[in-house]
Amino acid sequence: MVFLVHHPAPPEASGRRRPSRRRHATVIVLAGIDGAGKSTAGRLLARRLTSAGHPAVLARNPCGRSTLAAWSQRLGLTVPAKLLDAVETGIRCANVLVSQLRAATFPGIVIMDRHLYCQLALKRVKGLDQGRVLPWLLRLLPHPDVVFYLEIPAETALARIMERAPTPRTSRS
């Protein structure tokens, strides 16, 4: 199930006129839990828009959680939750900033696979404070034109995640 989370008021309702020629991209954000289908939906949407003559690009905004977890496990490290969150937040912020720069010059539609809202949700689920950087960046950056939240049962999401997980390597003797 997909929920439309945010859609701005039409320009005439806000009293501001939108320029007739847009100089930056329309930004669509796809949010939802891992395994909800954000990347798949984003790739399909970008392909369909492009094939219909509307320039579109998918901008992935990962936080590196799975890579960091794999490295920690491989090295046998237990990383404190706050340190792991700080690294993840830094990676997500950097990726979103790069995507925002792309959107500032792209003359079409930028579909963002995750955003800073996702990092705030992760912090809340983990019981961590939202900090100062994320709320500040959300106030500073342009708001997306539309945010879609993809909802899926947790069991289905987990099954999808397990299907795409790499199989463990067997050691040779």
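Quick note: residue numbers are just sequence positions, from 1.
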Asks: Can you measure from CG (N95) to CD (Q119) and round to the nearest 0.5 angstrom?
Replies: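 Nearest 0.5 Å value for the CG-CD distance: 10.5 Å.
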Asks: Quick one: list whatever passes salt bridge (charged side-chain N to carboxylate O under 4.0 Å, His left out) with R60, sequence neighbours left out.
Replies: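 Partners of R60 under the salt bridge (charged side-chain N to carboxylate O under 4.0 Å, His left out) test: D113.
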Asks: Is D85 salt-bridged to K123, going by a charged N under 4.0 Å from an acidic O?
Replies: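 Judged by the 4.0 Å cut-off on N to carboxylate O distance, D85 and K123 do form a salt bridge.
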Asks: Under the side-chain contact (heavy atoms from CB on, under 4.5 Å) rule, collect the residues that match up with T67, sequence neighbours excluded.
Replies: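 side-chain contact (heavy atoms from CB on, under 4.5 Å) list for T67, sorted by chain: W71.
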Asks: If a pair satisfies salt bridge (charged side-chain N to carboxylate O under 4.0 Å, His left out) and one of its residues is in residues 72-83, list it, with sequence neighbours excluded.
Replies: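 Every candidate salt bridge (charged side-chain N to carboxylate O under 4.0 Å, His left out) pair involving residues 72-83 fails, so no pair, neighbours aside, qualifies.
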Asks: Using the side-chain contact (heavy atoms from CB on, under 4.5 Å) criterion, which residues pair with R124? Sequence neighbours excluded.
Replies: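 So R124 forms no side-chain contact (heavy atoms from CB on, under 4.5 Å) with any residue.
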Asks: Once side-chain contact (heavy atoms from CB on, under 4.5 Å) is applied, do any residues pair with L97, and if so which ones, sequence neighbours excluded?
Replies: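 Testing L97 for side-chain contact (heavy atoms from CB on, under 4.5 Å), a comparison that skips the adjacent residues, returns L137, L141.
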Asks: Look only at the side chain of T50 and the backbone of R47, and say whether a donor-acceptor pair between them is shorter than 3.5 Å.
Replies: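 Not at all, since once roles are kept as given, no pair shorter than 3.5 Å links the two residues.
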Asks: Among I111, I109, V146, which residue meets the side-chain contact (heavy atoms from CB on, under 4.5 Å) test with T26?
Replies: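 Answer after filtering I111, I109, V146: I109.
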Asks: Any non-hydrogen side-chain atom of F106 less than 4.5 Å from a side-chain atom of V57?
Replies: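 They are in contact (side-chain heavy atoms under 4.5 Å apart), so the answer is yes.
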Asks: Return the CE to SG distance between M112 and C118, rounded to the nearest 0.5 Å.
Replies: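 Between atom CE of M112 and atom SG of C118 there are 11.5 Å.
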Asks: Counting distance only, does the side-chain N/O of D145 pair as donor-acceptor with the main-chain N or O of V27 below 3.5 Å?
Replies: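 Yes; judged by distance alone, with no hydrogens or angles, the pair exists.
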Asks: For R43 and K38: C-alpha separation, side-chain torsions, deciding distance, then whether side chain to side chain contact (heavy atoms under 4.5 Å, CB included) applies.
Replies: CA-CA 9 Å; R43 279 191 305 273; K38 297 174 301 300; over 6 Å; no
Asks: Distance from L116 atom CG to N61 atom CG, nearest 0.5 Å?
Replies: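 The CG atom of N61 is 8.0 Å from CG of L116, to the nearest 0.5 Å.
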Asks: Is any side-chain heavy atom of V133 closer than 4.5 Å to one of T89?
Replies: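 Sidechains of V133 and T89: no contact.
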Asks: When you look at L84 and L68, which way does the side chain to side chain contact (heavy atoms under 4.5 Å, CB included) test go after all the steps?
Replies: CA-CA 8 Å; L84 189 58; L68 293 170; 3.8 Å; yes
Asks: Can you check salt bridge (Lys or Arg N to Asp or Glu O under 4.0 Å) on E88 and K126, steps first, answer last?
Replies: CA-CA 13 Å; E88 289 176 1; K126 293 177 182 180; 3.0 Å; yes
Asks: Enumerate the residue pairs fulfilling salt bridge (charged side-chain N to carboxylate O under 4.0 Å, His left out) with a member in residues 95-112, sequence neighbours excluded, ordered by first and then second residue.
Replies: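 Those involving residues 95-112 do not exist here.
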Asks: Could you pull out the closest heavy-atom pair between G42 and L58, with the gap in Å?
Replies: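 Result for this residue pair: CA-CD1, 3.8 Å.
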Asks: Can you name the residues that form a salt bridge (charged side-chain N to carboxylate O under 4.0 Å, His left out) with R114, not counting sequence neighbours?
Replies: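 With sequence neighbours excluded, R114 shows a salt bridge (charged side-chain N to carboxylate O under 4.0 Å, His left out) to D34, given in chain and number order.
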Asks: Are L128 and L122 close enough, and set up right, to give a side chain to side chain contact (heavy atoms under 4.5 Å, CB included), and what steps lead you there?
Replies: CA-CA 8 Å; L128 298 170; L122 278 172; over 6 Å; no
Asks: Can you name the side-chain contact (heavy atoms from CB on, under 4.5 Å) partners of L120, sequence neighbours left out?
Replies: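 side-chain contact (heavy atoms from CB on, under 4.5 Å) check on L120 returns Q130, L134, L138.
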Asks: Find the distance between CG (L158) and CD1 (I152) and round it off to the nearest 0.5 Å.
Replies: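 With rounding to 0.5 Å, CG (L158) is 10.5 Å from CD1 (I152).
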Asks: Can you name the nearest heavy-atom pair linking P144 to Y117, along with the distance?
Replies: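 Heavy-atom minimum between the residues: CD-OH, 3.2 Å.
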Asks: Measure across I33 and A154 and return the closest heavy-atom pair with its distance rounded to 0.1 Å.
Replies: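 Scanning both residues completely, I find the closest heavy atoms to be CD1-CA, 4.5 Å.
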